[in-house]
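Report on the structure given below.
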Amino acid sequence: MHCLLYEDGEEVVLWMNTVGPYHNRQETYSYFSLPFCAGPKESIGHYHETLGENLQGVELEFSGLDIDFKGNVKKTQYCSVELSEEKLKAFTYAVKNHYWYQMYIDDLPIWGIVGEPEEGNFIWTHKKFDIGYNGKQIVDVNLTSENKVKLVQNEKITFSYEVKWHESKIKFEKRFDKYLDPNFFQHRIHWFSIFNSFMMVIFLVGLVSMILMRTLRKDYARYSKEDDLDDMEKDLGDEYGWKQVHGDVFRPASNALLFSSLIGTGYHISVVTLCVISFAIIGDLYTERGSLLSTAIFVFAATSPVNGYFGGSLYARMGGKLWIKQMLMSAFMLPAVVCGTAFFINFIAIYYHASRAIPFGTMVAVTCICLFVILPLTLVGTVLGRNLAGQPNYPCRINAVPRPIPEKKWFMEPSVIIVLGGILPFGSIFIEMYFIFTSFWAYKIYYVYGFMLLVFLILAVVTICVTIVCTYFLLNAEDYRWQWTSFLAAASTSCYVYLYSFYYFFFKTKMYGLFQTTFYFGYMALFSLSLGLMCGKYLWLCWYKLLCKEDLFNSKNRLMIL
C-alpha cells in the first residue's frame, strides 16, 4: 500500500478525479468538464497515472485548494462562477441526472453529490473536509457538502471550502476498511451459497464416480464376455457402446488450428485468473487505483508461454502443419477480441467526451505489449510445447476411414448436450456472479477474494463432473466427435452468465443511455467469453487424459477396466 509521511504544515494535495451520473458508474467525465472553478493555488503538474488508471478512466487534476498537514482552514471562498446560459444548462443537467464526483486525498477516495433536484435545481457550494491523522500519516477523510444555492441564470455562485484535522486511532493498514461493506459481502446468503456449492461438488463427485465405475464395469463385463465368443458369434451379436469408437476417438478435431488455439487460451486465462486472485488475497490490490487491472495485464503478458505451450503441443499431436498461423492465432486471438471491443466502445466514449476514452498513448502501449512481449513469449511456449509434448501418445491407432455415426435419440445429440452442459456449473457460481457484478457496476468494492478463489475451484470441479457424464453419453451413442462437444458443453456456462447479465441490467440496475448500455454489454461479452474459454479447457483436459489411459484403450484396440 502506498504510504506517505507528512511533516506538520507540509502540502497535502486534493486531486479532482471524475464526475458522472450516479446510476451509470462507468459513464464518467473529467471533473472540470462541468463549469466548476479551481482554487487560486497554481497547479503542481498532472499526476503520473499508471496503465491501469488510464484504462479505467482516471483523470486526476489538481484542485487548486491550499491544504496543509494538520493545518485547519476556516470557511474560505476560493472562486466564483457566473451562470451563463451554457453553464446553467450544464449544471442543471448534472443535477437532474444525479451527478456525483470523486476526489482523492493521499489516495483515499472521497465522493460528493453535485446538487439536489428539488423545487428548482440546487447546487452544493461548500465542501467541508474532516481529515483524520495518525502520527505522520493520513488515515481518514470525510466530506460534507453544505450551502445549497439555487441555479439561476446570470447569478454568481461562490464556492468555498473548510478543513478540520483531528487525531485518529485508525491504523494506516486499516484505513481502507471503512470503504468495504462486510454486511453485504459476508452476508449469510453469501456464506450459504458457498456452502451449497461445496455440497454440490461433493455430491457430483460421488455421483459421477459411482455412475462411471458401475457403468464401465458393466461395459467391461459385457465386452469380456464377447472376448470368449468366436468370430462367428461376435458377428451375429449386437455390438454397441463406446468400445466401438476406439478407432476414431483420437481422430483430430475438425479445424484443429482453431481448437488448439482455444484450448491454449483457456489454459492461459486459468493461470492468469489464479495468479491475480492470489495476488489480490496477498496484497490487497483493491486499495490502490488501477492496481488490479495493471496486475492482470502484467500477469497475462508474463504467462504467455502457457498459451503457446499447451496450444502448440495439442496442435502437434493433431498433426498440424501451419505453425506460424497457429502461433499468431494463439497469441492474438483474445487480445484482438478485447482490443477490438474496447476500441469500439472507445469511439462512443470519445463522442461523449467521457474520461473512459482511452488515450492514444495507452493504445500504443497496449499494442507494444502485444507485439514485443506476448508474441515472443507465445513463440517460446509454442516451440517448447511442440518439442516436449507434441508427440502423439494415443494407446490405439486411428482408423483410415471414419466410422459412420449411427442414429441416436434427440437428447444424445451434441447440440442438446452442449446446451445442458452449462446449467449446473452456472448454478454453482450464480450467487457469486451477483456479488461480482454489483462490485463492478455499482458502488461496492470487492475484497472477498478468498471466496472468489473457492468459487473458482468449485466451478472447475462441477464443470468437469457434469460434463464428463454428458460426454460419456455421447461416446456411448457411438459418436466420436467428442473434442468440440466436450469443449462447448463446458463453455456453454458462459452463455448462461451472459443471459444473467441481461436480467441484472434490466432488473438490478438503473443504467441508461447508449454509452453505458454499450459499455455494459460489450465488457460483459468479454467476461463471458473468457469464462467460457476457461471452463472449456477443464473438461477437454479431463477427457483427453481419461481416454489416453493405457488401461482404457490398449494397443490392441480392446477395452480394459479403469
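Excluded from the calculations below are hydrogen atoms, water molecules and symmetry mates; all remaining heavy atoms, backbone and side chain alike, are included.
- The side-chain heavy atoms of Arg251 and Asn399, taken from C-beta on, include a pair separated by under 4.5 Å.
- Partner of Leu420 under the side-chain contact (heavy atoms from CB on, under 4.5 Å) criterion, chosen from Leu424, Val416, Ile417: Val416.
- In this structure, Tyr351 has its ring center at least 6.0 angstrom away from the ring center of Phe347.
- A donor-acceptor distance shorter than 3.5 angstrom exists from the side chain of Ser294 to the backbone of Gly52, with no hydrogens or angles considered.
- The shortest distance between side-chain heavy atoms of Ile374 and Phe300 falls below 4.5 Å.
- Side-chain contact between Gln56 and Arg289 is absent, with no heavy-atom pair separated by less than 4.5 Å.
- Applying the 6.0 Å contact sphere to CZ of Phe195 captures no more than 12 heavy atoms from other residues, nucleotides or ligands.
- Between the side chains of Thr438 and Tyr504, a donor-acceptor pair is found at a separation under 3.5 Å.
- Between the side chains of Thr303 and His268, at least one donor-acceptor pair of N or O atoms lies under 3.5 Å.
- Using a 4.5 Å cut-off on side-chain heavy atoms (C-beta onward), Leu459 and Cys535 make contact.
- Panel note: side chain Glu432, backbone Ile194; no donor-acceptor pair is recorded below 3.5 Å.
- Here the closest heavy-atom approach between residue Arg356 and residue Ala349 is recorded as C-CB, 4.1 Å.
- Inter-residue side-chain proximity for Ile345 and Ile358 is flagged as unmet; no heavy-atom pair is nearer than 4.5 Å.
- Counting heavy atoms of neighbouring residues, nucleotides and ligands inside a 6.0 Å radius, atom CZ of Phe506 exceeds 12 of them.
- Proximity of a side-chain donor or acceptor of Thr493 to a complementary backbone N or O of Pro425 within less than 3.5 Å is not detected.
- The two residues Pro414 and Thr485 have their closest heavy-atom pair at CB-OG1, 3.6 Å.
- Taking each heavy atom of Pro21 and Tyr443 in turn, the nearest pair found is O-OH, 3.9 Å.
- Residues Tyr498 and Ser501 meet the side-chain proximity criterion, which asks for heavy atoms closer than 4.5 Å.
- Thr362 contributes atom OG1, which lies 6.0 Å from atom CG of Leu55 (distance to the nearest 0.5 angstrom).
- Salt bridge status for Arg403 with Glu478: present, with a side-chain N to carboxylate O gap under 4.0 Å.
- For the side-chain contact (heavy atoms from CB on, under 4.5 Å) with Ser261, the lone residue among Met327, Met333, Lys325 that qualifies is Met333.
- By the neighbour-count criterion of 12 heavy atoms within 6.0 Å, atom OH of Tyr512 is densely surrounded, having more than that number from other residues, nucleotides or ligands.
- The environment of CZ in Phe203 is sparse: at most 12 heavy-atom neighbours from other residues, nucleotides or ligands sit within 6.0 Å.
- Side-chain rings of Phe437 and Tyr500 approach one another, their centers coming within less than 6.0 Å.
- A distance below 6.0 Å separates the ring centres of Phe176 and Tyr179.
- Taking the six-membered ring for Trp and the full ring otherwise, the centers of Phe505 and Trp441 sit at least 6.0 Å from each other.
- Using a 4.5 Å cut-off on side-chain heavy atoms (C-beta onward), Tyr446 and Tyr286 make no contact.
- In this structure, Asn307 contributes its side chain and Ser330 its backbone to a donor-acceptor pair below 3.5 Å.
- Distance alone, capped at 3.5 Å, places no donor-acceptor pair between the Thr382 side chain and the Tyr309 backbone.
- Sorted pairs that involve residues 294-305 and meet salt bridge (charged side-chain N to carboxylate O under 4.0 Å, His left out), not counting sequence neighbours, are lacking altogether.
- The distance between the ring centers of Tyr315 and Phe259 does not fall below 6.0 angstrom.
- Counted within 6.0 Å of CD1 on Ile202, heavy atoms from surrounding residues, nucleotides or ligands total more than 12; the atom is thus considered enclosed.
- In plain terms, the two heavy atoms of Ser270 and Phe456 that are nearest each other are O-CZ, 3.9 Å.
- The side-chain heavy atoms of Leu328 and Leu375, taken from C-beta on, include a pair separated by under 4.5 Å.
- Ring orientation note: the planes of Phe515 and Phe519 are tilted relative to one another, at an angle of 30° to 60°.
- Separation of atoms CD1 (Ile429) and OH (Tyr496) is listed at 12.5 Å; rounding is to 0.5 Å.
- Put simply, the side chain of Trp482 never gets that close to the backbone of Leu475: no donor and acceptor are under 3.5 Å apart.
- A cation-pi geometry, defined here as NZ or CZ lying under 6.0 Å from the six-membered ring centre and within 45° of its normal, holds between Lys444 and Phe184.
- Taking the six-membered ring for Trp, Tyr449 and Phe279 have ring centres at least 6.0 Å apart.
- Arg25 meets the salt bridge (Lys or Arg N to Asp or Glu O under 4.0 Å) test with no other residue; sequence neighbours excluded.
- Between Ser528 and Val497, the closest heavy-atom pair is OG-CG1, 4.0 Å.
- Closest approach of Gly385 and Ser313 over heavy atoms only: O-CB, 3.3 Å.
- Aromatic ring centres of Tyr523 and Phe527: separated by at least 6.0 Å.
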